[in-house]
A.B. asks: 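Let me give you the structure first, and then I'll get to my questions.
Order of the sequence lines fixes the chain letters, A, B, ..., with proteins taken first and strands second; residue numbering starts at 1 for each chain. Reckoned from all heavy atoms, side chains included, excluding hydrogens, waters and symmetry mates.
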Protein chains: 2
Amino acid sequence: MPDQETARERVLEAAGELFYARGVQAVGMDAVRGGSGVSLKRLYQLFPSKEALVLAYLRQRDARWRRALAEHVDTRAAPEEKIVAVFDWLHRWFSEPGFRGCAFVNSFGELGATSAEVAEEARHHKQAFHDYLTGLVTASGRPAALADQLALLAEGAITTAAISGTPEPADRARDAARLLMDATARTV
Amino acid sequence: MPDQETARERVLEAAGELFYARGVQAVGMDAVRGGSGVSLKRLYQLFPSKEALVLAYLRQRDARWRRALAEHVDTRAAPEEKIVAVFDWLHRWFSEPGFRGCAFVNSFGELGATSAEVAEEARHHKQAFHDYLTGLVTASGRPAALADQLALLAEGAITTAAISGTPEPADRARDAARLLMDATARTV
DNA sequence: GCGGGTCGAGAACGACCGTTCTCGCAGTGC
DNA sequence: GCACTGCGAGAACGGTCGTTCTCGACCCGC
């Protein structure tokens with residue numbers, strides 16, 4: 001508790017788990033206090049409002065999510081394998097206990113209409129993922145338009161896995177991705 | 001107001017617009033009263049709780065959404081054209097003012113963790129859409145596995161259009177769907 | 001040992017929400 | 001005319017939430 005930085009980390013850790021598991025509005029600041037062990041007073045010194053905490057939560061989640069994805073993709077060397085690895089990583093993510101879809105999609109649905117900043121954070125996260133895919137696609141010598149299609153497959157897999165409760169959509173998306181890669185390779 | 005049935009319709013109409021536009025938790029029963037012109041007392045006679053109203057809202061939206069989609073698809077005769085028409089209809093939907101993504105995905109993100117019935121309603125809606133696509137795909141003489149892939153494209157397009165604020169994802173999904181249809185036609 | 005500052009625990013505050021209750025009014029059968 | 005029933009408007013109730021305040025304990029330099 002004494003260290004300012006570890007208190008901040010504990011708060012973000014607890015808030016991240018609670019917000020993701022139950023939804024932002026269903027989690028009160030008291031629950032964050034209980035989960036982090038950081039008093040309300042310190043909590044409001046670290047984050048001036050719940051909205052600020054929510055934005056910090058989203059930014060942390062964006063950074064972690066993209067880093068985890070990139071680390072897994074980097075275990076493959078060939079450009080085509082890197083693309084396929086994206087969908088393998090999705091499968092692993094979907095299989096994690098407590099998986100409940102994309103935190104940004106959930107937050108957007110919950111708060112996007114009332115908080116322009118939350119909506120902007122969701123846009124930023126999705127744009128970053130799209131840009132990342134574009135890099136992989138162009139590295140494989142294919143046109144960037146393929147990245148649009150792969151992004152839609154990944155996005156659809158995330159939502160479908162969340163609602164259906166199974167990781168299988170990642171496999172179906174990977175099948176479709178392979179077909180699209182083959183089709184695009186031929187047409188170039 | 002005198003007729004019980006029209007009061008119910010007004011409530012569902014107002015609740016539908018408010019819940020979809022702002023999210024369920026952001027809309028109080030007072031706002032539904034104001035939007036519908038139906039008194040709080042009658043409102044609670046028609047729906048015993050807010051949760052019941054939310055479920056009725058989702059069920060109405062599911063029926064309307066699927067009917068509107070089927071009506072548009074039925075304007076085409078050829079099986080392949082029907083499949084493509086799904087994505088054209090998505091484009092029209094995304095272009096509507098106030099479009100804010102899939103009501104079921106939004107509600108699932110908001111309430112799915114706390115309300116098993118809301119989660120079930122979302123599953124049912126997505127399953128019905130998937131079954132509908134499977135019917136179109138098999139009618140075109142293609143394997144049902146193609147429907148899985150098309151469903152992911154559509155799902156991804158809905159979410160991406162909502163967050164990005166443009167209807168273009170429908171076009172990209174349609175491009176990918178055409179490629180997958182061609183690829184699948186060849187492999188069968 | 002002691003004043004000053006810092007902190008945590010929890011009360012307090014104001015707002016809002018879902019739900020129920022009160023009350024006055026209007027219409028109906030007789 | 002009159003008791004009765006049903007209705008709408010809005011107050012009321014109990015609970016929760018975000019945020020701030022109080023208060024007592026602890027820790028530091030001196």
A.B. asks: Of the candidate nucleotides dA9(D), dT19(D), dC7(C), which contains the atom at the shortest distance from the side chain of Ser49(A)?
C.D. replies: dT19(D)

A.B. asks: Can you list every pair that meets ring pair (Phe, Tyr, Trp, His ring centres under 6.0 Å) and has a residue in residues 120-157 of chain B, with sequence neighbours left out?
C.D. replies: Trp65(B)-His125(B), Trp65(B)-Phe129(B), Phe104(B)-His125(B)

A.B. asks: Hey, does the side chain of Lys50(B) come within less than 4.0 Å of dG18(C)'s phosphate (OP1/OP2), counting only N and O?
C.D. replies: yes

A.B. asks: Quick test of your reading: applying side-chain hydrogen bond (donor to acceptor under 3.5 Å, both in side chains), list the pairs with at least one residue in residues 163-179 of chain A, sequence neighbours left out, ordered by first then second residue.
C.D. replies: Asp88(A)-Arg174(A), His91(A)-Asp171(A), Arg172(A)-Asp175(A)

A.B. asks: Compare the minimum distances between each of dC7(D), dA9(C), dG18(D) and the side chain of Tyr44(A), then state the nucleotide with the smallest one.
C.D. replies: dG18(D)

A.B. asks: In whole angstroms, how far is the P atom of dC17(D) from the CD atom of Glu51(A)?
C.D. replies: 18 Å

A.B. asks: Evaluate Cys102(A) against Lys126(A) for side-chain contact (heavy atoms from CB on, under 4.5 Å), listing each step before the verdict.
C.D. replies: CA-CA 10 Å; Cys102(A) 174; Lys126(A) 294 306 181 189; 3.1 Å; yes

A.B. asks: Could you note down all residue pairs passing side-chain hydrogen bond (donor to acceptor under 3.5 Å, both in side chains) where residues 92-118 of chain A supplies at least one of them, sequence neighbours left out?
C.D. replies: Glu51(A)-Ser115(A)

A.B. asks: Any heavy-atom pair between the side chains of Lys82(B) and Asp74(B) that's under 4.5 Å?
C.D. replies: yes

A.B. asks: Using a 4.0 Å cut-off on heavy atoms, which residues in residues 22-32 of chain B reach DNA chain C? List them by number, or say none.
C.D. replies: Val27(B), Gly28(B), Met29(B)

A.B. asks: Could you give all pairs that pass the ring pair (Phe, Tyr, Trp, His ring centres under 6.0 Å) test and reach residues 20-59 of chain A, with sequence neighbours left out?
C.D. replies: Phe19(A)-Tyr57(A)

A.B. asks: dC7(C) P sits how many Å from Leu43(A) CG, rounded?
C.D. replies: 14 Å

A.B. asks: With respect to the side chain of Arg33(A), which nucleotide from dG10(C), dG18(D), dG8(D) is positioned closest?
C.D. replies: dG10(C)

A.B. asks: Choose from dT20(C), dC7(C), dG18(D) the nucleotide whose nearest atom is closest to any side-chain atom of Lys41(A).
C.D. replies: dC7(C)

A.B. asks: For Glu17(A), check side chain to side chain contact (heavy atoms under 4.5 Å, CB included) against everything at least two apart and list the hits.
C.D. replies: Glu13(A)

A.B. asks: Mind calculating the distance between CG (Leu53(B)) and C1' (dC17(C)) to the nearest angstrom?
C.D. replies: 14 Å

A.B. asks: Round to the nearest Å and state the distance from Gln45(B) atom CD to dA9(D) atom P.
C.D. replies: 14 Å

A.B. asks: Taking atom C1' of dT6(C) as reference, at what distance in whole Å does atom CG of Leu46(A) sit?
C.D. replies: 14 Å

A.B. asks: In this structure, how many angstroms lie between the P atom of dC21(D) and the CG atom of Leu40(A), rounded?
C.D. replies: 14 Å

